[in-house]
Amino acid sequence: MDSRSAGAGNEVLYVDIYIDEHEPRRGILDLLSRLRPHWKEQNIQMKTFTEGITNQLIGCYVGSVQEPGCVLVRLYGRMTELYVNRDREMEMFQVFHAHGCGPQIFCSFQNGICYEFVRGTVLDDKLLQQPSIYRLIAAEMGRIHSIQPKCGPPVEPLLWTKMFHFLTLVQGKINSSSTEQQCTESPVALREVPSFETLSAEMESLKKHLSRIDSPVVLCHNDLLTKNIIYNHKEGMVKFIDYEYADYNYQAFDIGNHFNEFAGVNDVNYSLYPGQELQRDWLLAYLESYKHSTGREVAVTEAEVTQLYIQVCKFSLASNFFWGLWAILQSHYSSIDFDFQRYAMARLTFYFEKKEEYFGLPVSEREARGAALSGMRCSVTTL
């Protein structure tokens, strides 16, 4: 065993072992003999969590999974090192934990990490619609977004660098111009993955439009689907887990990305996308938390909610495009039994369906204030 720096002021223990994803028990027991030497092998129980579509996640415990001391072992998905920065992930683990927003990371090993189990239950999709729950989520995101970077050069948003990286990896994995005409003629009813040329042009269009929007760059989770939210009913709180994509990014992207996740993963259904009333109430709770956590006046105006609502609508497009590219890559590399191609089509189809509507929303604060005063209703249609 040795230690490797995670760049956040502390060092993360590194254990030089590889755990077989097909028969993980032996390797996990070897790992636990070093991390939990007082645990007797015959008493160690393991529970496989099946919610994830990127990695394998296995809970290890003596007694009950909900008792203190349970650890999680995550085995990285096949080829995920191509698009996930594992060193940065460990840094984010430490930052979230240092601010009381995430679990402690215990160690890394050749093909995974081991970290503290967060007590509670994985959030159910239906609970996203409940005000008492979504306000907790909004407030927690507001607290995370208020975490300031250490002194140094200004932080840059993750979005465009990561999206360009995805696009580069996609090149050569999909057809060139064979589907371009089809996509151009019928963008809302995609029957095949768009060509590389189409995707490249769309990314440039997105970047050009969203670069005009003054969304703050904050510490973001960037992947807040329900399975990454732990709800502790007894304590009345939520915690976010899994930081593979956590980094500094646009505030409106993180929120818009979460709203997209209302549609689900296994069976994407955009009729579940939150309506304007829910979004505005969510954003009000978020802004109150964000302002309070950054030491500003907590009072939130209608114009502020409207401005953020519009920004979130626009950045939700980037979220769908981002995960559409990701799913194309996963369809070629992942060994997990999931229809990534279908998922990519669902995300990209909704992107094309909403693009014209969301591009047409006002951009400036002055326009947003005028929209609020005139009672603007930016309705969100569904598939």
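This one's a predicted model, so the numbers in the text were calculated from it and none came from an experiment.
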Quick one: side chains of residues 314-324, donor-acceptor pairs under 3.5 Å with protein atoms, not counting sequence neighbours, listed by atom name and distance.
from	atom 1	to	atom 2	distance (Å)
K314	NZ	H209	NE2	2.9
K314	NZ	Y358	O	2.7
K314	NZ	F359	O	3.3
K314	NZ	L361	O	2.9
S316	OG	C313	O	2.5
S319	OG	N257	OD1	2.8
S319	OG	N260	ND2	3.1
S319	OG	R347	NH2	3.2
N320	OD1	Y270	OH	2.7
N320	OD1	R347	NE	2.6
N320	OD1	R347	NH2	3.2
N320	ND2	N260	OD1	3.3
W323	NE1	N257	OD1	2.7

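- Salt bridge absent: D242 and K227 never bring a charged side-chain N and a carboxylate O closer than 4.0 Å.
- Of the inter-residue distances, the one linking K239 atom NZ with R119 atom CZ reads 12.5 Å to the nearest 0.5 angstrom.
- Atom CD of Q56 sits about 8.0 Å away from atom NE2 of H22, to the nearest 0.5 Å.
- When only modelled atom types and interatomic distance are considered, E304 and Y309 share no side-chain donor-acceptor pair under 3.5 Å.
- In plain terms, the two heavy atoms of I328 and A344 that are nearest each other are CG1-CB, 3.9 Å.
- Y245 and W326 share a donor-acceptor pair across their side chains, judged by distance under 3.5 Å alone.
- Using a 4.5 Å cut-off on side-chain heavy atoms (C-beta onward), V71 and E116 make no contact.
- In this structure, CG on L127 lies 5.0 Å from CG on L123, to the nearest 0.5 angstrom.
- Between the side chains of D281 and Y134, a donor-acceptor pair is found at a separation under 3.5 Å.
- Interatomic distance, D247 CG to R88 CZ, rounded to the nearest 0.5 Å: 4.0 Å.
- Aromatic rings of W39 and Y61 (six-membered ring for Trp) have centroids beyond the 6.0 Å cut-off, not under it.
- In this structure, NE2 in H258 is found 4.5 Å from CD1 in I137, a value given to the nearest 0.5 Å.
- For the 3.5 Å distance criterion, the side chains of H233 and Y231 qualify, holding a donor opposite an acceptor.
- Under the 6.0 Å distance and 45° angle rule, R86 counts as a cation-pi partner of Y76.
- Remark: aromatic rings of F96 and Y243 are close, center separation under 6.0 Å.
- Between the side chains of N222 and E244, not a single donor N or O lies within less than 3.5 Å of an accepting N or O.
- Inspection of the R342 and S331 side chains reveals no N or O donor paired with an N or O acceptor under 3.5 Å.
- There is a side-chain donor-acceptor pair under 3.5 Å between H145 and Y286.
- Rounding to the nearest 0.5 Å gives a distance of 13.0 Å between CD of E197 and CD of E202.
- Under the 3.5 Å distance criterion, with hydrogens and angles disregarded, no donor-acceptor pair is assigned to the side chains of Q110 and Y14.
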